Amino acid sequence: MTTPEPLLAVRELSVVFDTRDTALLALDHVSFDIRAGEILGVVGESGAGKSLTGTAIIGLLDAPGRISGGEILLDGQRIDNLPPEAMRALRGRCIGAIFQDPLTSLHPMLTIGDQLIETIRVHLPLDQVAARRRALDLLHQVGIPGAETRIDHYPHQFSGGMRQRVVIALALAGEPKLIIADEPTTALDVSIQAQITTLLKGLCRDHGASVMLVTHDMGVIAETADRVAVMYAGRIIEMGPVQAVTRAPRHPYTRGLMASIPSMQVRSSTLHQIEGSMPRLNAIPAGCAFNPRCEWASARCRTEKPMLEAGAHGVACWHPVGGSAHG
Amino acid sequence: MLAFLVKRLLNAAGVMLAVAFLAFMIFRFVGDPVELMLNEQASQAQRDELRVRLGLDRSVLVQFGTFVLNAIRGDFGISYRNQQEVFTLIVERFPATFELVLVATFLSLAIGIPLGVYSAIRRRSFAAQAIQFVSVLGVSLPSFALGILFILLFSVTLQWLPAFGRGETVALGWWTTGLLTPSGRLALILPGITLSLFQITLVMRLVRAEMLETMRTEFIRFARARGLPDHAIHFRHALRNCLMPVITVTGLQIGNLIAFALVTETVFQWPGMGLLFVQAVTFVDIPVMAAYLIIVSFIFVTLNTLVDLTYALVDPRLRQDAMAGGAHGR
């Protein structure tokens, strides 16, 4: 099933935040692969460690956060222990990033052309004229109307959706093989979200780039991703093809997550919700972190930590929905 | 943009009128200028003659009107002390003060900005901590104490630099400059540094605080995520965002520097406006004091207005919004 060499391989990645007296474990042995051309969706609640995973991969973890274990391989090469300058050269060139808020992602006092050309020239051996041509080309690709004049405009002259298109153009400027899109549509109007998602998907297919799509929006994942990883309290608790995970979720948490998506077909007076809330980093329960909220929790769930199974559709649960699993 | 400009200019005019009124009131409160100007042996005829010549026989309102109209034409009357045109006196002294302030401003930016950037991006390094510590000294040491220390060290002990005066100057029309002669340049060093020391620390601390703030923003994070090199992120992206407050503060501080140059000028016997003012106070030379007040206020107000206009040049958001809408939405 797995190809011999995935584009990105994350192996047992752990991230801790150093506090005065202890180190809080924010990512707990996270492992996953992204194959070339694949879109991996990563879902979970706020604080589950989705964005943190992306930040760790592009090497932008700021103190007090640090990688405490595991490794990250890009094309089979370790990148988590590169010296800062080598990691910098990799960012933008091999791994692009898109952040949540297009309104604050662009420098307010530089034209979008300046920002594009600067980024292009850092990564590609082009002169000013060629870089500008490429910048225009990128703006066309992301669907900015009138790119020839718009290239000299400042970010504040664009709407939110247009700015996110510019952000995507910037992320693609160095022709990266992997794009980490951290909540790329969350800050946008609902009517714009689908456009941006479609655009991102199409562009990455055209450029042959893989995407790690971080979001809490299950709908976006269902439309866009090939596979999905569900995160809870710093761990991946279920991972598999998007169809399988959405239609037949195996982890009780994923099931709850799916059930809480409001449906157009069924009218109900109350929206489904999972009781309780995700534990704080300093109060993660022993055993399965979800056990206090889980209706199937047994004694074993409170003492032993379930591991994510290998295989196409794996789950980290002692009592997965639909039986079987391990244990 | 035009409406903004007109509004700013009207504001400025209002402020200047108020200042003129204050300056005018000095005449009323400090006693009879005729008594001050003439000695006790002067006859009543001489007194009356001077009173008429100074226009002091007319009503207060007329006097104020005349005062303002004269001030606009640059006529601030005659110095009580040496019977010379006040305006000529001040104009003669202005270049000395201006050059001193210019040098001090240049030093504060040329030294303050790099130090500020450095202490922000290498926040935890020993050098940055040391700079921070020294800057506290810079803020808290009064400039006259520093000036005297400098004179003692560099002029008296080491004999490297002159202790007072402007050195040789060259006249360019009505402007006299010390920048073109070696002795003039040497003479600028000590007072320039003395005057700028507070400014340097001010600019440095401002740049540091702004840089720290900017480095936490999302657009810097995105710039780092695009793999831009550190120097581009620090200087092209982050520093650019910090320049607005630096321009504001520097612009406003030029006014302050001109006003407070008088301490430095006194210490170094610098023949500028400040020294003229101090001498005028000693001799109760009211027209000179009034004119100094008005001219310094005028410089303040002009700088304030210029700073406002400069915003539009530095920040495209202000420029574009002023230019009828731009191309929003879509």
Side-chain angles (χ1 to χ4, degrees), chain A residues 54-55 58-60 62-63 84-85 87-111 114-116 118-123 144-146 149-150 152-162 167 170-174 176 179-180 182 187, chain B residues 113 117 120-125 128 207 210-248 310-330:
Chain A
T55 311
I58 55 176
L60 283 183
D62 280 322
E85 182 53 30
M87 193 62 214
R88 181 201 60 74
L90 205 85
R91 282 198 292 269
R93 183 73 185 92
C94 299
I95 309 177
I98 297 168
F99 292 141
Q100 178 168 348
D101 189 355
L103 302 184
T104 54
S105 289
L106 299 169
H107 196 294
M109 297 186 196
L110 294 170
T111 65
D114 284 342
Q115 301 186 49
L116 274 164
E118 181 184 28
T119 310
I120 291 166
R121 295 195 61 186
V122 164
H123 295 298
I144 303 273
T149 51
R150 297 293 264 166
D152 293 317
H153 285 181
Y154 291 91
H156 71 272
Q157 293 167 288
F158 293 83
S159 65
M162 284 294 149
V167 168
L170 276 164
L172 290 171
I179 291 194
I180 294 175
D182 189 353
Chain B
I113 292 179
V117 172
I121 59 185
R122 296 270 177 278
R123 191 154 40 115
R124 288 176 225 285
S125 75
V207 170
E210 291 288 326
M211 279 291 284
L212 287 178
E213 175 118 13
T214 306
M215 290 303 285
R216 279 196 294 268
T217 59
E218 217 31 39
F219 61 80
I220 294 296
R221 205 165 95 92
F222 187 45
R224 287 174 68 197
R226 300 203 300 275
L228 300 186
D230 282 352
H231 63 86
I233 288 177
H234 294 149
F235 292 97
R236 200 169 128 83
H237 290 246
L239 183 59
R240 182 184 296 256
N241 205 53
C242 304
L243 286 183
M244 288 279 279
V246 174
I247 289 173
T248 317
T310 320
Y311 278 176
L313 291 180
V314 177
D315 194 334
R317 283 166 293 187
L318 294 175
R319 195 187 328 153
Q320 299 290 337
D321 288 346
M323 275 166 45
H328 278 282
R330 272 211 241 195

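Values reported hereafter were calculated over all heavy atoms of this structure, with side chains retained and with hydrogens, waters and symmetry mates removed. Everything numeric in this text was worked out from a predicted model, so none of it was measured. Convention: sequence-line order gives letters A, B, ...; per-chain numbering from 1.
The minimum heavy-atom distance between B:Asp230 and A:Arg88, with the atom names listed, is N-CD, 4.4 Å. Of all non-hydrogen atoms in A:Val122 and B:Gly227, the two that sit nearest each other are CG1-O, 3.5 Å. B:Arg240 and A:His107 get closest at one heavy-atom pair: CD-CE1, 3.9 Å. The heavy-atom pair separating A:Ser105 from B:Phe222 by the smallest distance is O-CD2, 3.1 Å.
Between chain B and the residues A:Arg121, A:His123, A:Arg93, the most heavy-atom pairs under 4.5 angstrom are made by A:His123. When the candidates A:Ile180, A:Leu106, A:Ile58, A:Thr55 are compared by the number of heavy-atom contacts under 4.5 Å with chain B, A:Leu106 comes out ahead.
Interface remark: A:Leu170 contributes backbone and side-chain atoms alike to the contact with chain B (heavy atom separation under 4.5 Å). Only the backbone of A:Ile95 comes within less than 4.5 Å of a heavy atom in chain B; its side chain stays farther off. For A:Asp114, the parts lying under 4.5 angstrom from a heavy atom of chain B are both the backbone and the side chain. In this structure, the portions of A:Gln115 lying under 4.5 Å from any heavy atom of chain B include both its backbone and its side chain. Contacts of A:Thr111 with chain B are absent, with no heavy-atom separation under 4.5 Å from either backbone or side chain.
Atom CZ of B:Arg221 is separated from atom CZ of A:Phe99 by 4.0 Å, given to the nearest 0.5 angstrom. Of the inter-residue distances, the one linking A:Met109 atom CE with B:Met244 atom CE reads 5.5 Å to the nearest 0.5 angstrom.
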